[in-house]
Each structure stands twice: as C-alpha cells, then as structure tokens.
4 protein chains.
Amino acid sequence: MDEGLSTRDKLVTVAARLFRQKGYHGTGIAEVLAQAGVPKGSLYHHFPNGKEDLAQAAAEWTAAMLVRVVEDAFTPAVEFRAGATTFCHKLAKLFDLSDSADSCPIQALIFDGPDGAAFRAQAATLFDRLIGAVARQGERLGLEADAAREAAETLLIAVEGGWTLARARRSSDVLRSIPARLYG
Amino acid sequence: MDEGLSTRDKLVTVAARLFRQKGYHGTGIAEVLAQAGVPKGSLYHHFPNGKEDLAQAAAEWTAAMLVRVVEDAFTPAVEFRAGATTFCHKLAKLFDLSDSADSCPIQALIFDGPDGAAFRAQAATLFDRLIGAVARQGERLGLEADAAREAAETLLIAVEGGWTLARARRSSDVLRSIPARLYG
Amino acid sequence: MDEGLSTRDKLVTVAARLFRQKGYHGTGIAEVLAQAGVPKGSLYHHFPNGKEDLAQAAAEWTAAMLVRVVEDAFTPAVEFRAGATTFCHKLAKLFDLSDSADSCPIQALIFDGPDGAAFRAQAATLFDRLIGAVARQGERLGLEADAAREAAETLLIAVEGGWTLARARRSSDVLRSIPARLYG
Amino acid sequence: MDEGLSTRDKLVTVAARLFRQKGYHGTGIAEVLAQAGVPKGSLYHHFPNGKEDLAQAAAEWTAAMLVRVVEDAFTPAVEFRAGATTFCHKLAKLFDLSDSADSCPIQALIFDGPDGAAFRAQAATLFDRLIGAVARQGERLGLEADAAREAAETLLIAVEGGWTLARARRSSDVLRSIPARLYG
DNA sequence: AATGAATGAGCTTTCATTCAT
DNA sequence: AATGAATGAAAGCTCATTCAT
C-alpha cells in the first residue's frame with residue numbers, strides 16, 4: 001500500500017478502503033495510520049480537520065474511481081444496455097476483489113460519514129456526479145436527455161440495491177443478474 | 001417514546017432509531033440511555049451482553065416491523081404488482097416520517113452492526129426472512145415458486161437502492177417511482 | 001490529600017492547588033487525577049464538561065475559602081484597620097504555607113482559566129463576592145456604605161498587587177507591609 | 001502587526017501580545033506563527049530553543065516597553081505624585097487599547113512562563129528593573145533613596161492590583177483611581 | 001429490577017520540535 | 001534565511017462496561 005504514493009495519497013486510499021470495510025465510525029485513525037505506514041502527526045498536516053477531512057477526500061477519491069469505472073464500461077459500448085451490462089460485471093469483479101463484507105463504495109462513503117451537514121451535502125453531489133456520468137453515456141448512445149437520466153437512475157438504484165443483497169448473500173452473482181432483471 | 005413501554009422496549013425502540021440514524025458505531029450507549037430515559041446501570045439487566053445484545057434485539061424488532069409492513073401491503077392486493085406498489089408507498093411514508101437522513105432500516109441493521117460474524121449471520125437471516133415474506137405473498141397471488149422468489153428479490157433490490165437514492169436526494173419520490181421503473 | 005473526602009472534593013481541592021501553582025493551561029488533567037488518586041473516567045462523571053467544569057468548581061471553592069478568611073479576620077476586629085491588618089497577616093501565612101511560587105488564589109482562578117466567556121463572567125462575580133464580604137465588614141464596623149466599598153476595593157487592590165510582588169521576591173513580607181502602606 | 005518589522009520582531013511582538021492574552025501555556029506556537037505570518041520552520045532560526053527563547057525575548061521586550069512608559073510619565077513631572085498619576089493614566093490607556101481581557105503585561109511575563117527556574121529568575125529581575133526605574137525617578141524628584149524605593153514599591157503594588165480589578169470589571173477606571181487611593 | 005459512581009482502555013487531536021530541501 | 005513536511009509524545013475526552021448499594 002506504500003508504493004510510490006505520496007503520504008497524502010497513502011492516507012486517502014487506505015482510509016477509503018477501511019471506511020468501506022468497517023464504516024466511518026467503526027474505523028479508528030490509528031488503524032488508518034498503521035496500515036498507511038504514516039506517523040500520527042502527519043495526518044493533521046495534510047488534513048487539518050482530521051478524520052472529517054480525510055473522509056471527504058476519501059469520498060472524492062472513490063467517486064472519481066467509480067466515474068472511471070462507468071466510463072471504462074460504456075466507452076466501447078454501442079447501446080446503453082451493453083454498457084450497463086459491462087458496468088455491472090465490472091462492479092461484480094470489484095466486489096469479488098474486496099472482502100465480500102465491504103459495503104458498496106458509493107453507499108459507504110456517502111452515508112456513514114461524519115455527522116455534519118457539510119459532508120452530507122458533498123456526498124449527495126458525488127452521487128449526482130455518478131448519475132450524471134451514466135446519463136451522459138446514455139445520451140452519447142442515442143437516448144433523449146430525459147430518457148438517459150431515467151435510465152441512469154434506474155441502473156444506479158438497481159446496482160445499489162444489488163450490492164446490498166450481494167453483501168447479505170456474500171456472492172456477487174446478484175450484481176451480474178441485474179441486467180436481466182432490468183432489461184428482460 | 002416513553003408512553004407505557006417497558007424499560008426493555010424503550011431501549012429497543014430508541015436503539016433501533018439511533019442505529020438507523022447514526023449507525024451502530026456512531027451511536028453511543030449513553031445517548032440511547034438518555035433518550036430512553038433509562039438510568040445507566042439498567043441496560044445490563046435487560047441485555048447482559050450490552051450493546052451487542054441491544055443491536056440484536058433492535059434488528060429483530062426492525063425485521064418484524066418490516067414483515068408487518070409487507071403483509072399489510074400485500075394482504076388486500078389481488079396481484080403482485082399492486083401489492084408491490086402499496087409496499088413502496090408505505091416505505092415512502094416511513095421515509096417521510098423519519099428524519100430523511102435515516103438509512104434504510106433494513107440496511108442499517110443488517111450491515112452496520114457489531115463486528116462479530118455472529119451478528120452478520122443473524123442479519124443475513126433477517127434479510128432472507130423479509131424476501132421470504134414477499135415471495136410467499138407472490139405465491140399466494142398466483143406466481144410459481146421460482147418466479148415469486150425472483151420477483152421478491154428484484155423488488156427488494158430496487159427498494160434498497162431506491163432508499164439510498166432517496167436519502168441522497170432527501171426526497172421519498174424515488175421510492176414511489178419504483179413500481180413504474182420495474183413494471184413499466 | 002485523600003482523607004475522608006469524596007471523589008468530587010478530592011478533585012476540586014487538588015485542582016485548585018495545581019491551577020494556582022501552574023496555571024490552568026499549565027496543569028494537565030493526568031496530574032490532577034494522579035494527585036487525587038482518582039481514575040481517568042471518574043472525572044467526567046462528576047464534571048461532564050471536563051477540565052472547564054473542574055476549573056469552575058475550583059474557582060468557587062477558592063472564593064468560598066477566601067470569604068471565610070475575610071470573615072475570620074474581621075469578626076474579632078472592632079475597627080476596619082485592625083480587621084484589614086489581620087487579613088493581610090492571614091494571607092501572608094497562606095503564602096508561606098504554599099509553595100511560594102503559587103500565584104494568588106484569587107488571580108489564578110479568576111484569570112488563567114478556560115478561554116470561554118462563561119468562565120470569565122463567573123470569575124468576575126466571585127471577585128465581587130469577595131469585595132462584598134470585605135465591604136460588609138466595613139459597614140458592620142461603622143463605615144458608610146460608600147466608604148466601606150471604597151475601603152474594600154483599596155484593600156483588595158493592595159493585596160492583589162502585594163501578592164504579586166511577594167511572589168517575585170519569594171517572600172511574604174510584602175503582604176505584611178500592606179497595612180502600613182495603606183493606613184500610614 | 002506586520003509593517004516593516006523583521007521576522008524576528010514580528011514574532012516577538014505577536015508572542016508578547018498572545019502570552020499576555022492567553023498565557024504562556026495557553027498560547028500555541030502555531031498561533032504565534034499564523035498571526036505573525038511567518039512559516040513554521042522559521043522560528044528555530046531566530047530562537048534556537050524555541051518557545052522558551054521566544055518567551056524570554058517577549059519578556060525582555062515588554063519590560064523595556066514598560067520602562068519607557070515609566071520614563072515618559074515621570075520625565076516631565078516635578079514631583080513624584082504627578083509622575084505617578086501620569087503613569088497610571090498611561091497604563092489605563094494601554095488597558096483600553098488592548099483587549100480588556102489581557103492580563104497586566106508585567107504579571108503575564110513574570111509569572112506565566114516556561115516552567116524552568118531560569119525564566120523565573122530572569123522575570124524577577126525584570127520586575128526589579130521596573131521598580132528601580134520608578135525609584136530612580138523618585139530620587140530625581142527629591143526623595144531619599146529609601147523613601148523612593150518604598151514609594152516605587154507601593155505604586156507598583158497598587159498598579160498590579162489595580163490592573164487585576166480593572167480586568168475583572170473590564171474597565172480601566174480603577175487604574176485611574178489609584179493616585180487618589182494612594183495619595184489622598 | 002434499579003441506580004449512579006467507578007473504571008481504564010482507547011479515542012481523536014494538538015503540541016513543540018526536527019529535518020530535508 | 002526560509003520553507004513545509006515529518007514526527008511521536010502527550011493532551012483532553014469518550015467509551016462500553018462493572019460494581020456496590
């Protein structure tokens with residue numbers, strides 16, 4: 001976890017993973033520091049407001065990563081359904097790579113965060129950014145603006161719920177079954 | 001929150017609400033006791049293993065409540081789609097009643113609990129109980145066993161994901177839009 | 001320091017002494033607890049707002065102690081000057097008993113406290129209570145209300161400044177010299 | 001606070017003000033650096049022993065400033081009482097200029113400093129230097145050596161105590177009332 | 001069953017300082 | 001002389017739990 005990365009990036013990536021695995025309140029700063037191999041005082045140099053700032057940076061990092069997954073999945077597609085299918089399979093792979101107890105990266109960083117309203121607001125924005133990325137791909141693939149947005153929302157709803165069920169079952173199959181459920 | 005209820009029930013209902021709002025690790029025992037109006041030492045008479053026992057009782061209580069919602073929604077229905085629609089509307093009402101920042105009762109109690117595997121297992125069971133309740137209603141309404149189970153799963157996937165989006169948007173509209181998304 | 005006293009009283013008296021010796025910010029909670037022989041968690045049972053509450057209680061305790069000194073000094077007196085003289089000598093004894101580096105109990109607890117305005121306000125009140133106690137004795141000894149108040153203020157001004165000089169000199173002589181300076 | 005001053009002087013004046021306002025232990029190096037607009041690493045070029053050196057420099061600077069106030073007040077005077085009166089009024093102006101919560105500059109730098117005995121000793125010296133300055137003025141104005149020293153001590157005692165009461169009252173009036181209290 | 005004081009491990013954060021550039 | 005990242009000891013505080021009454 002400490003190849004080439006800057007101190008700041010080590011903290012962000014480790015934190016993103018731990019928050020996803022054990023939740024914001026369930027993750028101790030000490031654990032983040034230990035796994036990142038960073039001494040205690042350094043955190044507050046890079047993140048003056050401590051754990052809360054770290055959560056914000058981790059959320060940002062996760063959202064950017066997911067937007068990349070969306071784009072990787074949809075770019076080669078020639079119709080929305082194909083892109084959505086690839087997206088679900090890529091998420092299933094993500095699920096299998098991580099400890100299957102991990103919560104969905106989106107949910108984890110959006111909802112189990114600091115109590116303050118600021119974090120909540122930023123989280124809602126990140127969520128919208130993700131929907132926007134999918135909707136943009138829909139438009140590129142020929143859907144009307146409204147239809148693209150609707151399709152994007154439905155896909156993300158299913159993916160979020162699918163991750164939840166996958167987690168309960170400890171199996172990524174549910175994620176792979178989503179296209180069939182949505183598009184017949 | 002303290003009319004007529006026994007000390008034990010006060011603790012369970014307050015804990016269920018707080019765990020839903022702030023997560024298991026984000027909720028302090030002291031806060032539960034204060035809001036339940038119960039003195040410090042009392043908790044361990046009713047829940048010898050403390051917070052962990054309380055979480056299990058709260059999960060149980062929540063699951064039972066949700067099964068009741070499923071049954072109230074489907075009992076008057078004559079086809080699955082109607083029952084599912086009523087169920088979504090009932091959940092939207094639940095969403096509106098609670099602080100809109102509350103997580104879905106199902107997700108909250110299934111995933112953000114004590115760290116031990118025992119709780120995780122019990123939680124998965126509760127989730128299955130809920131799917132089973134919906135599937136049973138599907139069979140009652142004429143679906144084959146497999147089809148009923150599939151319909152139940154799809155509905156719960158959508159509802160879980162819908163709650164997530166509703167939370168990000170702070171609006172229950174998404175929950176009400178689910179039947180249209182699933183059944184055209 | 002732990003004869004018969006309740007946990008709360010042990011904390012208050014130890015804190016009052018340490019704050020006087022090393023200032024509020026210079027005194028660590030750990031040191032208070034160690035000297036009081038009280039475990040960490042207990043402090044927050046008795047003083048929910050921690051160090052700040054403890055400072056308030058210590059200030060209160062100190063003010064009450066000083067009012068007692070005033071009354072002990074003036075009660076047997078038949079004129080103000082005699083009472084004031086006894087008061088100065090009693091303070092000189094207090095000075096000699098304590099580590100001579102200790103700041104004046106009044107100043108220490110009134111001014112080097114928590115940053116919040118609440119503490120400052122309470123401190124000003126305590127100071128006035130002390131002036132009031134001296135003024136009341138002045139009236140009892142035949143002074144007009146205004147003259148009594150003026151005499152009380154002048155005495156306390158001299159005593160405060162005298163303690164400062166005594167501290168710089170590490171000798172209580174200055175305190176004993178005050179009556180001569182004020183009353184010729 | 002940052003016009004033309006050298007980095008070193010910025011640090012000293014800002015530190016003197018902060019130590020006066022919040023005490024030595026209540027003032028963080030980070031706050032000094034931020035208010036002086038000086039980067040973190042710079043402090044140790046100018047003050048190799050860090051905070052302790054800075055406190056000594058600030059004490060020195062304050063003492064020199066006060067000696068200047070004494071001289072400005074007494075130089076035009078033709079009798080001790082007039083000089084003392086001007087001195088008290090100048091201090092009242094100082095009080096009004098600063099946040100009225102500031103402690104007396106003399107007390108602040110003499111008593112709430114680093115824990116070591118070295119600082120305490122230097123501080124006592126600074127105090128004596130101030131008394132000496134007043135006593136010298138007394139001799140210049142015709143007092144015998146002993147009487148001058150006595151008058152200087154009494155004046156400083158009253159001024160120290162007066163500042164304390166002024167602080168509690170948040171009003172500089174007490175300082176202005178001192179000549180009347182001392183000299184009738 | 002009920003109570004509230006006691007407990008100490010562990011939490012997040014702040015501190016003055018050092019170091020490499 | 002100047003800079004800002006690095007450092008870990010120590011700070012104040014919260015935690016779930018236990019105990020004596």
Side-chain angles (χ1 to χ4, degrees), chain A residues 6-8 10-11 24-34 37-55 114, chain B residues 6-8 11 24-33 37-55 114, chain C residues 6-8 10-11 24-34 37-55 114, chain D residues 6-8 11 24-33 37-55 114:
Chain A
S6 72
T7 294
R8 198 197 126 98
K10 274 187 280 184
L11 287 168
Y24 177 78
H25 293 290
T27 301
I29 285 283
E31 203 174 354
V32 175
L33 294 167
V38 161
K40 214 149 216 179
S42 276
L43 172 65
Y44 296 89
H45 182 66
H46 297 284
F47 302 97
N49 288 331
K51 200 180 182 181
E52 192 157 342
D53 276 4
L54 187 57
Chain B
S6 72
T7 293
R8 198 197 127 96
L11 286 169
Y24 177 79
H25 291 291
T27 300
I29 285 283
E31 202 175 355
V32 175
L33 292 168
V38 162
K40 231 166 198 158
S42 271
L43 175 66
Y44 295 87
H45 282 288
H46 299 284
F47 302 97
N49 286 334
K51 197 181 184 182
E52 195 157 340
D53 276 5
L54 186 57
Chain C
S6 72
T7 295
R8 199 197 126 98
K10 273 187 280 182
L11 287 169
Y24 177 78
H25 292 290
T27 301
I29 285 284
E31 202 174 356
V32 176
L33 293 168
V38 162
K40 212 150 219 179
S42 277
L43 172 64
Y44 296 89
H45 181 67
H46 297 284
F47 301 97
N49 289 332
K51 200 180 182 181
E52 192 157 343
D53 276 4
L54 186 57
Chain D
S6 71
T7 293
R8 198 197 127 95
L11 286 169
Y24 177 79
H25 291 291
T27 300
I29 286 283
E31 201 175 355
V32 176
L33 293 167
V38 162
K40 220 150 208 178
S42 271
L43 176 67
Y44 295 87
H45 283 288
H46 300 284
F47 302 97
N49 286 333
K51 197 180 184 182
E52 194 156 340
D53 276 5
L54 185 58

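Everything numeric here is computed off the predicted structure, so don't read it as measured data. Letters A, B, ... mirror the listed sequences (proteins, then strands); counts begin at 1.
- Pair assignment for E:dG8: F:dC15, on the basis of Watson-Crick or G-U wobble contacts that are both within less than 3.5 Å.
- Note: NE2 (D:His25) to C1' (E:dA16) measures 13 Å, nearest angstrom.
- Side-chain contact between B:His25 and A:Tyr24: absent, with no pair of heavy atoms (C-beta onward) separated by less than 4.5 Å.
- Nearest-nucleotide assignment on DNA chain E puts the 5′-proximal partner with B:Ser42, out of B:Ser42 and A:Asn49.
- A straight line from CG of A:Leu43 to P of F:dG8 spans 14 Å, rounded to a whole angstrom.
- In this structure, C:Gly41 reaches the bases: a heavy-atom distance under 4.0 Å links it to at least one base atom across the strands shown.
- Checked by distance alone, D:His45 brings a side-chain donor or acceptor within 3.5 Å of a matching partner on the base of F:dA2.
- Closest of all the heavy-atom pairs between D:His45 and D:Gly41 is CD2-O, 3.8 Å.
- Counting all heavy atoms, side chain and backbone alike, C:Ser42 lies closest to C:Thr7 at CB-CG2, 4.5 Å.
- With a 4.5 Å cut-off on side-chain heavy atoms, B:Leu11 and B:Val32 count as touching.
- Between B:Lys40 and the phosphate of E:dT3, there is no side-chain N or O to OP1/OP2 separation shorter than 4.0 Å.
- Nucleotides of DNA chain E nearest to D:Gly26 and D:Pro48 differ in position, and the one nearer the 5' end is that of D:Gly26.
- Position along DNA chain F of the nearest nucleotide to A:Val38 versus B:Tyr24 favours A:Val38 as the more 5'-ward residue.
- Look at CD on B:Glu31: it is 19 Å from P on F:dC13, rounded to the nearest Å.
- In this structure, CZ of D:Phe47 is placed 15 Å from P of E:dA16, rounded to the nearest angstrom.
- In this structure, C:Leu33 places its CG atom 11 Å from P of F:dA11, rounding to the nearest Å.
- Each of E:dT13, F:dA16, F:dC13 was ranked by its minimum atom distance to the side chain of A:Lys51; first place goes to E:dT13.
- For F:dA20, the paired nucleotide is E:dT3, the pair qualifying as Watson-Crick or G-U wobble because both relevant distances are below 3.5 Å.
- Side-chain nitrogen and oxygen atoms of C:Tyr44 include none within less than 4.0 Å of the OP1 or OP2 phosphate oxygen of F:dT14.
- Taking atom CD1 of C:Ile29 as the reference point, atom C1' of F:dC13 lies 9 Å away to the nearest angstrom.
- Taking 4.0 angstrom as the limit, A:Thr7 places a side-chain polar atom (N or O) nearer than this to OP1 or OP2 of F:dA6.
- Searching all strands for a Watson-Crick or G-U wobble partner of E:dT14 with both distances below 3.5 Å returns F:dA9.
- Atom CG in C:Asp53 sits about 13 Å away from atom C1' in F:dG12, given to the nearest Å.
- The main-chain N or O of C:Pro114 is never found under 3.5 Å from a side-chain atom of C:Lys51 such that the two would form a donor-acceptor pair.
- OP1 or OP2 of F:dA2 sits under 4.0 Å from a side-chain N or O of D:His46.
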